[in-house]
Amino acid sequence: MTTPVQRKTTLPFPPLPQKADAPLKPTKSRKPAMTTGDLARMVLTGLGWAIVLFFVGSYLITESWTWGYRGKWTNINNYLPRKELVFSEEQLYRYDGSNPNLPIYVAIDGDVYDVTTGAGWYSVGGSYHHFAGKDAARAYVTGCFKEHITHDLRGLTTDQLKGVEHWKKFYQNHRSYFRVGRVLHPPIDDSTPIPEPCESAVGQKPKGKDN
């Protein structure tokens, strides 16, 4: 028995060449979207640099860190939380600069200020010691530093009352003095005579001299 011979069949036309796979095109990488946190960091960084440039520029131009400003807003004591103190006239008198262990306080129209940094002016022997430990609002504008050491403003002229307001603002906006509380005065009896003008008046307290 013979084995049948397998014949190789040929196609009448050559086989088509197989198409090679097209190379993949590289895809562009997408930048991640900016988040709220990224934006906040950018803003804070920019703000930080702006603050640095502000103070450096101030020092280079004015030789101060605050563009030459010296007042209430550069006084650190105005930012420290503290309980408002309330004094009687007798209690306030203890802070007249005679005790080196106590601060020095002055009052004007009821408001009490710590002027310890001006001890050279307000302590014993200082030019303005007569204001220490008292509310001498009247003397600020009359120049009667003996007779008018009082808070009684009755009878003052309009200009003199404006002068009292000037001195109130002087202490409010001072670069180192700061408000600590109030002094309570007993009511002034209507029958009490208005303080008389004095012959020893030396003029108003020189404006801003103790700053």
Side-chain angles (χ1 to χ4, degrees), residues 69-78 82-211:
Y69 171 79
R70 295 187 303 171
K72 176 179 181 179
W73 304 115
T74 57
N75 186 349
I76 187 63
N77 292 293
N78 290 317
R82 59 170 53 86
K83 183 179 179 180
E84 180 172 280
L85 303 177
V86 179
F87 302 87
S88 66
E89 292 180 343
E90 293 74 17
Q91 291 171 331
L92 180 63
Y93 190 74
R94 296 177 55 207
Y95 302 90
D96 66 345
S98 59
N99 187 341
N101 297 318
L102 294 177
I104 304 174
Y105 294 158
V106 300
I108 181 166
D109 199 23
D111 291 319
V112 180
Y113 294 89
D114 188 319
V115 297
T116 307
T117 56
W121 297 98
Y122 294 96
S123 60
V124 177
S127 301
Y128 303 139
H129 176 61
H130 42 264
F131 291 112
K134 311 174 191 70
D135 186 343
R138 189 180 192 91
Y140 276 84
V141 294
T142 65
C144 300
F145 296 149
K146 292 182 179 179
E147 297 85 352
H148 289 178
I149 301 297
T150 175
H151 65 286
D152 188 350
L153 302 180
R154 294 176 304 158
L156 294 182
T157 66
T158 300
D159 286 341
Q160 287 175 322
L161 292 175
K162 288 180 180 179
V164 173
E165 288 300 316
H166 161 79
W167 285 111
K168 290 172 69 174
K169 291 179 181 178
F170 170 79
Y171 288 106
Q172 289 170 5
N173 299 319
H174 200 274
R175 72 174 189 269
S176 59
Y177 304 158
F178 57 97
R179 187 179 182 277
V180 294
R182 288 189 57 79
V183 57
L184 301 179
H185 298 294
I188 298 175
D189 194 315
D190 291 339
S191 63
T192 303
I194 295 175
E196 294 288 336
C198 67
E199 296 180 358
S200 60
V202 295
Q204 294 185 20
K205 180 177 180 289
K207 294 183 178 181
K209 190 175 179 181
D210 61 331
N211 61 356

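Computed from heavy atoms alone, side chains included, the values below leave out hydrogens, waters and symmetry copies. The model shown is predicted, which means the values in this text are computed figures rather than measured ones.
Classified by interplanar angle (parallel below 30°, tilted 30° to 60°, perpendicular above 60°), the ring pair Trp167/Tyr171 is tilted.
In this view, Glu84 and Arg179 satisfy the salt bridge (Lys or Arg N to Asp or Glu O under 4.0 Å) rule, not counting sequence neighbours. With sequence neighbours excluded, no residue forms a salt bridge (Lys or Arg N to Asp or Glu O under 4.0 Å) with Lys134. Checked against side-chain hydrogen bond (donor to acceptor under 3.5 Å, both in side chains), Thr117 has the following partners two or more places apart in sequence or in another chain: Ser176. The ring-ring contact (aromatic ring centres under 6.0 Å, His included) search around Phe87 returns Tyr95, Tyr105, not counting sequence neighbours. Considering only residues two or more places apart in sequence or on other chains, Ala107 meets the side-chain contact (heavy atoms from CB on, under 4.5 Å) condition with Leu92, Val112, Asp135, Val183. Residues forming a salt bridge (Lys or Arg N to Asp or Glu O under 4.0 Å) with Arg154 (at least two apart in sequence, or on another chain): Asp152. Shown here are the side-chain contact (heavy atoms from CB on, under 4.5 Å) partners of Val86, two or more places apart in sequence or in another chain: Leu184. In this structure Glu89 satisfies the salt bridge (Lys or Arg N to Asp or Glu O under 4.0 Å) test with no other residue, sequence neighbours excluded. In this view, His151 and His185 satisfy the ring-ring contact (aromatic ring centres under 6.0 Å, His included) rule, not counting sequence neighbours. Not counting sequence neighbours, the partners of Asp189 by the side-chain hydrogen bond (donor to acceptor under 3.5 Å, both in side chains) test are Ser191. Scanning for side-chain contact (heavy atoms from CB on, under 4.5 Å) contacts around Ser127 gives Trp121, with sequence neighbours left out.
You'll find the side chain of Pro195 reaches within 4.5 Å of the side chain of Arg138, heavy atoms only. Taking the side chain as every heavy atom from C-beta outward, Tyr140 and Phe170 never approach each other to under 4.5 Å.
Sorted by first then second residue, the salt bridge (charged side-chain N to carboxylate O under 4.0 Å, His left out) pairs that include residues 92-101, not counting sequence neighbours, number zero.
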